[in-house]
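Everything below concerns the one structure shown next.
Order of the sequence lines sets the chain letters (A, B, ...), proteins ahead of strands, with each chain counted from 1. Both backbone and side-chain heavy atoms feed into the values below; hydrogens, waters and symmetry mates do not.
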2 protein chains.
Amino acid sequence: MNESHPPLPANSQPVTLHDGLLGRLRDMIIEGELAPGTRLRERELTEWLGVSRTPLREALKVLAAERLIELTPNRGARIASLTEDEIQHMFELMGAFEALAGRLAATRASEADLLELQAMHLQMRAHYVRKDLPAYFRLNQAIHRRIVAAAGNPMLAQSYDQLAGRIRRPRFLASQWSAQRWAQAIEEHEGIMAALAARDGALLARLLEDHLAHKAEALLKHLPEVPAEAVG
Amino acid sequence: MNESHPPLPANSQPVTLHDGLLGRLRDMIIEGELAPGTRLRERELTEWLGVSRTPLREALKVLAAERLIELTPNRGARIASLTEDEIQHMFELMGAFEALAGRLAATRASEADLLELQAMHLQMRAHYVRKDLPAYFRLNQAIHRRIVAAAGNPMLAQSYDQLAGRIRRPRFLASQWSAQRWAQAIEEHEGIMAALAARDGALLARLLEDHLAHKAEALLKHLPEVPAEAVG
DNA sequence: CGATTCCATTTTGCATGCAATTTTGCGCCG
DNA sequence: CGGCGCAAAATTGCATGCAAAATGGAATCG
């Protein structure tokens, strides 16, 4: 009998049905295919996804635990919506996550981490020059996620990912920010990369937190312009 | 038809079976009735809890999402265990949570919050004098939770609660610390209360983080003495 | 004309049954 | 005596069926 982990290639293919459903539904919610407030009827989803209710219900329970949907007894599920206050609170928390990640990454990041982040940064800059907002947005998220990973604290990475998932949709929808804000964001990223290269944890933490605060400010300023159903 | 929230008295009684199970199982794991690594067989649990497999499986999925159990496809569930590294990472993250809570609570706490915390603090001190460790432990957790609540950020409170739930068992098991550490903890709490009363956010954040770091240090020093099955 | 009550329909919650995978026990061979 | 293979038993994953609750709408009453 062997108790050690099998050589799983990370989260490869989902072997169970409910796990696959979970991933698909999570993506659909985060990508914004399902608007907040939308009611999810089990029968409807089972027909659409080609499975029975049992695995679907299991997936819904998990999504509710992740707060991506709201599940009320006997009244079904609806896509969770975020108030402006909740978004503000999330950014507050994200700021603490990023600051901690910065402080840790400054001392724990490997040289390979730094090189990879530099490469990602340069490519993101290229997306900026080409004004390819979706690609820029994705790579931006990836860079921040990579910094968190370089902090070498899987618990932090978990919590970060969960919060990032919940807040991603309004962030994307509101990313039609002004060209000026975009330029400022790039500049801030330059500073972040420099602080990381210098392994100045205190500075990196401050820059990351400020950067996020600016993002929050830009988002909240543009929130009223975003379709109401998109944020709740 | 009315879309506003019904007048739910918060989380009263669980109306659904799986929700009730979820609470019971969560408590059993956190309280340590179920040792880490223990295999959970569905049939066994259903007989023990008097329900069918369907609601039980839904509850297990949620517990897995909260990382209180590990669920491997076709191979069932076992109580999650924590390595020493994971515990260390959790404390690192908890430190950031508490620091943020302290910074926010210093400016956002109401006078009622301060009064209630003072009362709790005094009672905890009484438990200390009586050397009632379990009562002290519970009230200590409650005080920290109350500070987090006073920070006025529900998202922070959520993340904090989830992490605290996962780490609570080893903390309790290792709380047979030396009398000296216990005295030091009380002293640190005095400082924390003072900083809060003075609404000095920076100081409060630092004191809370240091306090937690000391707890982590004491716990990790005593970990080897704790039964292996209790931490994994 | 608006609000209410009642009933048909829909939808959720749970139990059970079956197929597939894993685990376990035993005989067999080296 | 120890390792291997195979079959029986146990266990998990999923689908379906039934009961309870909620939803929608028409008929009724004020």
Classify B:Leu40 by what it touches in the nucleic acid, base, sugar-phosphate, or nothing, heavy-atom distance under 4.0 Å. sugar-phosphate
In whole angstroms, how far is the C1' atom of D:dT11 from the CG atom of B:Leu71? 13 Å
Tell me: CZ of B:Arg39 to C1' of C:dT22, nearest whole Å? 8 Å
Are the side chain of A:Arg78 and the backbone of A:Glu70 linked by a donor-acceptor contact shorter than 3.5 Å? no
Take the protein atom CG of B:Leu60 and the nucleotide atom C1' of D:dT12, then report the distance between them rounded to whole Å. 11 Å
Verify salt bridge (Lys or Arg N to Asp or Glu O under 4.0 Å) between B:Lys221 and B:Glu217, making sure each step is shown before the conclusion. CA-CA 6 Å; B:Lys221 196 159 62 184; B:Glu217 198 183 338; 5.4 Å; no
Are the side chains of A:Leu156 and B:Glu92 in touch, meaning some heavy atoms are under 4.5 Å apart? no
Hey, is the side chain of A:Arg41 poking within less than 4.0 Å of OP1 or OP2 on C:dT11, counting only N and O atoms? yes
Reading nucleotides 13-20 of chain C from the 5' end, what letters show protein touch, with B for base, S for backbone sugar-phosphate only, - for no heavy atom under 4.0 Å? BSBBB---
Taking side-chain contact (heavy atoms from CB on, under 4.5 Å) as the definition, give me every residue that meets it alongside B:Leu212, ordered by chain and number, with sequence neighbours left out. B:Phe91, B:Met94, B:Glu98, B:Arg171, B:Lys215
Rounding to an integer number of Å, can you tell me how far A:Arg43 CZ sits from D:dT23 P? 18 Å
Distance-only donor-acceptor hits, side chain of residues 19-37 of chain A, under 3.5 Å, sequence neighbours excluded:
unit_1, atom_1, unit_2, atom_2, d
A:Arg26, NH1, A:Glu66, OE1, 2.9
A:Arg26, NH1, A:Glu66, OE2, 2.4

Do we see a donor-acceptor contact under 3.5 Å between the side chains of B:Asn140 and B:His127? no
